[in-house]
Amino acid sequence: MPASGDPRPCSIADALAIVGEKYSLLVLREVCLGNGRFDRLVRNIGAPRDVLAARLKRLVDAGVLRKHVYSERPRRFEYRPTQAGLELEPVLMTLMAWGDRHLRKDDDRPMVIEHICGNELVPTVTCTACGGEVCHEDLMAHPQAPGWSVTGPTAAARSPLDGAGG
């Protein structure tokens with residue numbers, strides 16, 4: 001049962017602990033575009049060098065990126081996505097499409113991604129079981145963490161300080 005004040009156990013929060021820091025998703029964007037060298041990352045992201053170095057270390061330590069030696073003298077590295085990093089690419093594409101729809105005009109998009117079929121990529125989330133496109137109205141959450149319901153801690157998990165007591 002959750003202790004009073006403990007946040008909801010959540011895989012979104014866990015993922016954001018790795019990729020939610022400022023510049024982390026932009027690092028992943030650039031690496032997925034093939035720009036994994038430090039100087040290119042600095043130029044294309046605009047992050048301070050020390051901050052960028054910290055983000056790269058965190059993403060490597062988390063298994064999202066890996067370092068690859070491209071020069072022995074001097075020893076230099078470029079960053080490449082791991083399988084875990086590549087699995088975040090659809091998240092980036094979906095986030096980009098959301099930004100295009102809600103933050104830009106149709107003629108003001110900074111990048112278009114083309115699918116191998118030759119058409120512009122329009123990412124959608126689909127159910128692997130039925131193939132249907134996912135929409136909010138078709139979803140139902142089933143919390144699996146002990147002591148939690150959709151609305152928060154269950155009555156048995158709340159302390160008197162939470163308002164469950166007399």
Side-chain angles (χ1 to χ4, degrees), residues 7-72 74-145 148 150:
R8 176 190 302 276
C10 176
S11 296
I12 296 170
D14 296 342
L16 287 175
I18 304 300
V19 298
E21 294 178 306
K22 187 173 184 179
Y23 303 117
S24 293
L25 288 177
L26 300 180
V27 166
L28 191 57
R29 173 198 69 196
E30 289 302 319
V31 170
C32 286
L33 288 171
N35 300 315
R37 295 187 181 180
F38 191 80
D39 288 341
R40 287 184 187 168
L41 292 168
V42 168
R43 182 188 66 224
N44 293 353
I45 295 170
R49 296 175 80 82
D50 60 329
V51 172
L52 181 58
R55 295 304 178 270
L56 288 165
K57 181 179 182 338
R58 179 126 170 99
L59 292 169
V60 168
D61 290 348
V64 174
L65 299 179
R66 65 182 173 85
K67 291 169 76 169
H68 175 79
V69 177
Y70 73 87
S71 174
E72 287 294 340
R75 191 163 173 86
R76 294 183 189 257
F77 299 92
E78 66 182 359
Y79 296 86
R80 295 182 179 171
T82 62
Q83 183 59 42
L86 290 173
E87 289 176 18
L88 283 166
E89 197 168 23
V91 174
L92 295 176
M93 298 299 102
T94 303
L95 191 59
M96 183 180 82
W98 182 90
D100 287 346
R101 276 192 311 275
H102 297 285
L103 305 175
R104 299 206 170 257
K105 298 176 182 168
D106 284 339
D107 58 349
D108 187 29
R109 296 184 301 162
M111 185 177 298
V112 172
I113 303 297
E114 182 180 297
H115 189 262
I116 195 169
C117 70
N119 292 295
E120 179 182 338
L121 176 70
V122 179
T124 59
V125 178
T126 59
C127 175
T128 59
C130 70
E133 189 171 337
V134 174
C135 65
H136 177 76
E137 295 78 19
D138 298 335
L139 303 176
M140 181 178 288
H142 297 280
Q144 302 297 300
W148 287 89
V150 171

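A quick note: this is a predicted structure, and the numbers were derived from the prediction, not measured.
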Taking all non-hydrogen atoms of both residues, which atom of Ala62 and which atom of Ile18 are closest, and how far apart? CB-CG2, 3.5 Å

Nearest heavy-atom approach of Tyr70 to Phe77 is CE2-O, 3.1 Å

Straight-line distance of Tyr79 OH to Lys67 NZ, nearest 0.5 Å: 4.5 Å

Just how far is it from atom CG of Leu52 to atom CZ of Phe38, taken to the nearest 0.5 Å? 4.5 Å

Can you list the steps and then say if Leu59 with Leu28 is a side-chain contact (heavy atoms from CB on, under 4.5 Å)? CA-CA 9 Å; Leu59 292 169; Leu28 191 57; 5.6 Å; no

On a heavy-atom basis, the closest approach of Cys32 and Glu89 is CB-OE2, 3.6 Å

Is the backbone of Pro90 close enough, under 3.5 Å, to the side chain of Thr94 for a donor and an acceptor to pair up by distance? yes

May I ask you to test the Met111-Leu33 pair for a side-chain heavy-atom distance under 4.5 Å? yes

If I compare all heavy atoms of Pro81 with all of Leu86, which pair ends up nearest, and what's the gap? CG-CD2, 3.6 Å

On a heavy-atom basis, the closest approach of Arg55 and Tyr23 is CG-CB, 4.4 Å

Where Ile113 and Met96 come nearest, the two heavy atoms and their spacing: CG1-CE, 3.4 Å

Say you draw a straight line from CG of Leu88 to CG of Leu95; how long is it, rounded to the nearest 0.5 Å? 11.5 Å

Does any N or O in the side chain of Ser71 come within less than 3.5 Å of the main-chain N or O of Arg76, such that one atom is a donor and the other an acceptor? no

Under the criterion side-chain contact (heavy atoms from CB on, under 4.5 Å), I'd like the reasoning laid out for Val27 against Val64: C-alpha separation, chi angles, the key distance, then a yes or no. CA-CA 11 Å; Val27 166; Val64 174; over 6 Å; no

Is Ile12 atom CD1 crowded by more than 12 heavy atoms from other residues, nucleotides or ligands, each under 6.0 Å away? no

Counting N and O atoms only, with roles assigned by atom type, does the side chain of Gln144 sit under 3.5 Å from a partner on the main chain of His142, one being a donor and the other an acceptor? yes

All salt bridge (charged side-chain N to carboxylate O under 4.0 Å, His left out) counterparts of Asp61, not counting sequence neighbours: Lys57

Which atom pairs, donor and acceptor, lie under 3.5 Å between side-chain atoms of residues 39-47 and protein residues at least two apart or in another chain?
{"unit_1": "Asp39", "atom_1": "OD1", "unit_2": "Arg49", "atom_2": "NH2", "d": "3.3"}
{"unit_1": "Asn44", "atom_1": "ND2", "unit_2": "Glu30", "atom_2": "OE1", "d": "2.9"}

Would you tabulate the side-chain donor-acceptor contacts of residues 115-126 under 3.5 Å, counting partners in other chains and residues two or more places apart, or write 'none'?
{"unit_1": "His115", "atom_1": "ND1", "unit_2": "Cys117", "atom_2": "N", "d": "3.2"}
{"unit_1": "Glu120", "atom_1": "OE1", "unit_2": "Arg109", "atom_2": "NH2", "d": "3.4"}
{"unit_1": "Glu120", "atom_1": "OE2", "unit_2": "Arg109", "atom_2": "NH1", "d": "2.5"}
{"unit_1": "Glu120", "atom_1": "OE2", "unit_2": "Arg109", "atom_2": "NH2", "d": "3.4"}

